[in-house]
Amino acid sequence: MGAIARDLDIGVPDDFKRHKGWVGQVMEHALGAESGSAAAPDFPRLGVELKTLPVDARGVPLESTYVCTAPLDGSMSTRWEDAWVRRKLSHVLWVPVSGARGTSPGEREVGAPFLWQPSVEEDALLRDDWEAFRELILLGELWQIDAHLGEALQMRPKGADSKSRTWAIDDEGRWVQSMPMGFYLRASFTRTLLGAESGDPEARS
DNA sequence: CAATGATCATCC
DNA sequence: GGATGATCATTG
């Protein structure tokens, strides 16, 4: 990663404490992704999202993967087919980047990227989780939501800090201020995507 | 504030 | 050691 960044005249930080998105930014630049912070795919003409995936030396994901914000204001779609989460995950170019926690950004190593489209089974798994979250969100039962829910997809806070607030609708239909939440893919799920690539039979099970 | 990009810090 | 909840930077 350090060599790639230097080629692109991008600075190489000593750690991620204040540069959490650095790997993703460098890869976007390196691969010619266009969108920046816009709500569009990284490769608009291809409809492909780019996601880096931190993995350890064995190729096992170390972190969950952010997908998108969860709308808590009643604007969430009713059908999975229309879900923003689903669109974002319909075509993903995964770029594994190795380095255990503590490995400096410049020392991280890029692995073999692979283009992924959810299989029928994966789509169904994501759909089940999403529909359960949809129920809680649309019923306004936000207090029931935490990161323990969901087999593949989970919901976690997604704000500048714990004081961040967004508008939501509670269980009696009232507008309330609530913590912004996002959808994330569990590391256990992304691990199954890498399994077929790793050559490790155990990783596929 | 919300979208993009994620990892950190701490608890279990 | 892994997962949860918190946090950091940047852009429009």
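The chains referred to below are lettered A, B, ... by the order of the sequence lines, with proteins before strands, and numbering in each begins at 1. Since this is a predicted model, take the numbers as computed values, not measurements.
Between its opening and closing five pairs, the helix from B:dC1-C:dG12 to B:dC12-C:dG1 changes axis direction by 30°, a value rounded to 10 degrees.
Residue A:Pro54 is classed as a sugar-phosphate contact, given heavy-atom separations below 4.0 Å to backbone atoms only. Using a 4.0 Å heavy-atom cutoff across all strands shown, A:Met179 reaches sugar-phosphate atoms only and no base atom. Residue contacts shown for A:Glu49 are limited to sugar-phosphate atoms, with no base heavy atom under 4.0 Å away.
The salt bridge (Lys or Arg N to Asp or Glu O under 4.0 Å) pairs that include a residue from residues 127-141 of chain A are A:Glu81-A:Arg127, A:Arg127-A:Glu131, where partners are two or more places apart or lie in different chains. For residues 149-170 of chain A, no residue pair satisfies the ring-ring contact (aromatic ring centres under 6.0 Å, His included) rule, not counting sequence neighbours. For the salt bridge (Lys or Arg N to Asp or Glu O under 4.0 Å) condition, the pairs that include at least one residue of residues 92-120 of chain A, sequence neighbours left out, are A:Glu63-A:Arg101. Within the structure, no pair that satisfies the salt bridge (Lys or Arg N to Asp or Glu O under 4.0 Å) test touches residues 11-31 of chain A, not counting sequence neighbours.
Partners of A:Asp171 under the side chain to side chain donor-acceptor pair (under 3.5 Å) rule, at least two apart in sequence or in another chain, do not exist in this structure. With sequence neighbours left out, A:Tyr184 forms a ring pair (Phe, Tyr, Trp, His ring centres under 6.0 Å) with A:Tyr66. Listed by chain and residue number, nothing satisfies the side-chain contact (heavy atoms from CB on, under 4.5 Å) test with A:Asp7 (two or more places apart in sequence, or in another chain).
C:dT7 atom C1' lies 15 Å from atom CE of A:Met181, rounded to whole Å. Separating the CZ atom of A:Arg165 from the P atom of C:dT7 is a distance of 11 Å, rounded to the nearest angstrom. Going from atom NZ of A:Lys51 over to atom C1' of B:dA3 covers 11 Å, rounded to whole Å. The interatomic distance linking A:Asp146 (CG) with B:dC11 (P) rounds to 17 Å, in whole Å. Rounding to whole angstrom units, NZ of residue A:Lys163 and P of B:dC1 are separated by 12 Å. In this structure, the CG atom of A:Leu50 is 20 Å from the P atom of B:dA3, given to the nearest Å. Counting to the nearest Å, the P atom of B:dG5 and the CD1 atom of A:Ile10 are 15 Å from each other.
Residues A:Pro13 and A:His19 approach most closely at CB-CD2, 3.4 Å, considering heavy atoms.
Contacts with DNA chain C (heavy atom under 4.0 Å) in residues 14-21 of chain A: A:Lys17, A:Arg18, A:Lys20, listed by number. Residues from residues 60-72 of chain A placing a heavy atom under 4.0 Å of any atom in DNA chain C do not occur. Listed in residue order, the members of residues 153-160 of chain A having a heavy atom less than 4.0 Å from DNA chain C are A:Gln154, A:Arg156, A:Pro157, A:Gly159, A:Ala160. Taken residue by residue, residues 78-109 of chain A places no heavy atom nearer than 4.0 Å to DNA chain C.
No donor-acceptor pair closer than 3.5 Å links the side chain of A:Trp175 to the backbone N or O of A:Asp73. In this structure a side-chain-to-backbone donor-acceptor pair under 3.5 Å is present from A:Asp42 to A:Leu50.
Using a 4.5 Å heavy-atom cutoff, the side chains of A:Pro105 and A:Phe16 are in contact. A:Thr103 places none of its side-chain heavy atoms less than 4.5 Å from the side chain of A:Met1.
When hydrophobic clusters are built by joining Ile, Leu, Val, Met, Phe, Trp and Tyr residues whose side-chain heavy atoms come closer than 4.5 Å, directly or via intermediates, A:Leu185 is not grouped with A:Val60.
Taking CE from A:Met27 and CG from A:Leu93, the interatomic distance works out to 8.0 Å, rounded to the nearest 0.5 Å. A:Thr69 contributes atom OG1, which lies 10.0 Å from atom CE of A:Met155 (distance to the nearest 0.5 angstrom). In this structure, CG on A:Asp123 lies 4.0 Å from CZ on A:Arg86, to the nearest 0.5 angstrom.
Ring-plane geometry between A:Phe189 and A:Trp116 is classed as perpendicular, the angle between the planes exceeding 60 degrees on a 0 to 90 degree scale with a lower cut at 30.
Using a 4.0 Å cut-off, no side-chain N or O of A:Thr52 falls inside it from OP1 or OP2 of B:dG5.
Both A:Ser162 and A:His148 lie close to DNA chain C; mapped to their nearest nucleotides by heavy-atom distance, the more 5′-ward contact belongs to A:His148.
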